[in-house]
Protein chains: 2
Amino acid sequence: MGTGQTADGSVRTPLSRDRILVTAVAMADTGGLDSLTMRSIGHELGVEAMSLYNHVRDKGEILAGIADLVLSEFDIRPPARDWRTATRESAISAHEALLRHPWSCELILAPRPPRILPARMRWIESILARFRAAGFSPAAASRGYHAIDSHVLGFTLWELGHRLPDDAPPDFLERVMRETDFSAFPYLLEHAAVHRAMSEEPELGEFEFGLDLILEGLDRHRTSQ
Amino acid sequence: MGTGQTADGSVRTPLSRDRILVTAVAMADTGGLDSLTMRSIGHELGVEAMSLYNHVRDKGEILAGIADLVLSEFDIRPPARDWRTATRESAISAHEALLRHPWSCELILAPRPPRILPARMRWIESILARFRAAGFSPAAASRGYHAIDSHVLGFTLWELGHRLPDDAPPDFLERVMRETDFSAFPYLLEHAAVHRAMSEEPELGEFEFGLDLILEGLDRHRTSQ
DNA sequence: ACCTGAACACCGTTCAAGT
DNA sequence: ACCTGAACACCGTTCAAGT
């Protein structure tokens, strides 16, 4: 250690902002945001926590950086048939990227402190540009962006909150269903049954359902100022 | 201290789970979630941090408790004209409650670890019951609940993320606009102009706009299974 | 220029000891 | 039964010291 070599004698790859961020993304993917500490990131890189401060200002910059990495996975240039198809495909690619990194929605939606993320700007610009090119007024394009962006980020976070954690025991759901008193909640019980039935024969995703409601609505309101 | 009296000699109100939660809500309202530490909550109550553990299992129970307090502010029994009006009013009351406690969306949407909140069950049940009473199939009611609930929580969190923090300097927005290079983002610049124009003559809220898109969509899909 | 040991001011939580 | 002092195992971060 401190000799430029790792314990096994191999030459150590020099630390860099990029290596820190890529490592942090991988760690968050497997262990969640809580597993990211300056010490644990350093350890993963074979380095002490304090070395990280030579490449990033503070932990907040790492969190902003990995959020931006996920945002840069959004497909902002889908085959640009009509605006509706293009927007739909773009939103779906964003949804998939967010699901690949389940910790990222929270970071993008509730950044502390707020930061301007370059990949986020490019994504928003692409949505606005598509609406404007399709003839939407500036105000209509703005509302369209709000609706699409909030659905992509908000619905995905909502969806993830209803997922079972990866480390949940296999009988977790059954136990909750058995231990919860549903006598005052008949429709909640029915709702659970719907979910069980759906998981056997998966149909149109819920994300797409909401997305299509928005797209239909935007199409209908497109002309009316 | 430790004598059952506060420093000024007045008799101290005994600690209780309720007092802890109500105090924590007030603290989060003024200082945000980050201002909630076991020590700071204890201090606010004139007690040491360790005393809290006589009334709650851990900090997670406090966070779940204050989230449930906010959820219990949702109006689940609005005047029940038709389903669409009732759902709309109920969603708007939920939106307002979440805005009163800007820290709460995050807690409800991304709970760590996930917990079953009683007030959340009551709220979901009320949505489902209303859809079913209006003739929605179980599957359609489930999808309706997903769309409404994810919009209420997801959009509000999204909206709050675009709000300026209360402690932002008055020229914050101007400085960001001046320092950011918009040359590659013409439509983002136009979007900012739309926002400026809108803040002068406020119109229909963005939350209601998305809500109405969903309600219209649900109405249209109501019959189709 | 980059990395580190030691230290600081915090966290949540436990537990034996007090009343 | 309820509260507390002291302690433990953590955090993020700073800084002088090393190479």
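Naming: A, B, ... by sequence-line order, numbering from 1 per chain.
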Name every residue in residues 103-112 of chain B that has at least one heavy atom under 4.0 Å from any atom of DNA chain C, in order of residue number, or write none if there are no such residues. none
Rounded to whole Å, please give me the gap between CG in B/N54 and C1' in C/dT19. 13 Å
Measure from CD1 on A/I20 to P on C/dC2 and round the result to the nearest Å. 11 Å
When the distance from CG of A/D34 to C1' of C/dC11 is rounded to whole Å, what number comes out? 14 Å
Give a yes or no answer on whether the side chain of A/T180 reaches the backbone of A/V176 with a donor-acceptor pair at less than 3.5 Å. yes
Working to the nearest 0.5 angstrom, can you tell me the gap between A/R112 CZ and B/D34 CG? 4.5 Å
Using modelled atom types and a 3.5 Å cut-off, is there a donor and acceptor pairing between side-chain atoms of A/S150 and backbone atoms of A/H146? yes
Between B/S51 and D/dT4, does any side-chain N or O lie under 4.0 Å from OP1 or OP2? yes
Checking the side chain of B/S72 only, and the main-chain atoms of B/A119 only, is there a donor and an acceptor separated by less than 3.5 Å? no
B/H43 atom NE2, neighbour heavy-atom count above 12 within 6.0 Å: no
Whole angstroms only, please: what is the CD1-C1' distance between A/I41 and C/dT4? 18 Å
In whole Å, what is the span from the CG atom of A/L33 to the C1' atom of D/dC11? 16 Å
Selection from C/dG12, D/dC11, C/dT4 that lies nearest to any side-chain heavy atom of A/T37: D/dC11
Less than 4.0 angstrom from a charged side-chain N to a carboxylate O is my criterion; do B/D149 and B/R120 meet it? yes
Is A/T156 reaching over with its side chain to a backbone N or O of A/L153, donor-acceptor style, under 3.5 angstrom? no
Checking A/R132 against B/Y187: charged group under 6.0 Å from the ring centre and within 45 degrees of the axis? no
Between A/S90 and A/D75 (side chain of the first, backbone of the second, donor and acceptor by atom type, cut-off under 3.5 Å), is there such a pair? yes
I need the CD-C1' distance between B/E61 and C/dG12, as an integer number of Å. 15 Å
What is the separation between atom CG on B/L45 and atom P on D/dT4, rounded to the nearest whole Å? 11 Å
Looking at A/F207 versus A/H151, is the centre-to-centre ring distance below 6.0 Å? yes
Requiring both pairing distances under 3.5 angstrom, list the stems that contain DNA chain C and are made of three or more consecutive Watson-Crick or G-U pairs. C:4-8 with D:12-16, C:12-16 with D:4-8
Under 3.5 Å between N/O atoms: give me all the protein pairs with nucleotides 13-17 of chain C, atom names plus distance.
from	atom 1	to	atom 2	distance (Å)
C/dT13	OP2	B/Y53	OH	2.8
C/dT13	OP2	B/K59	N	2.9
C/dT13	O5'	B/Y53	OH	3.2

Polar contact flag, side-chain donor to acceptor under 3.5 angstrom, A/S16-A/D18: no
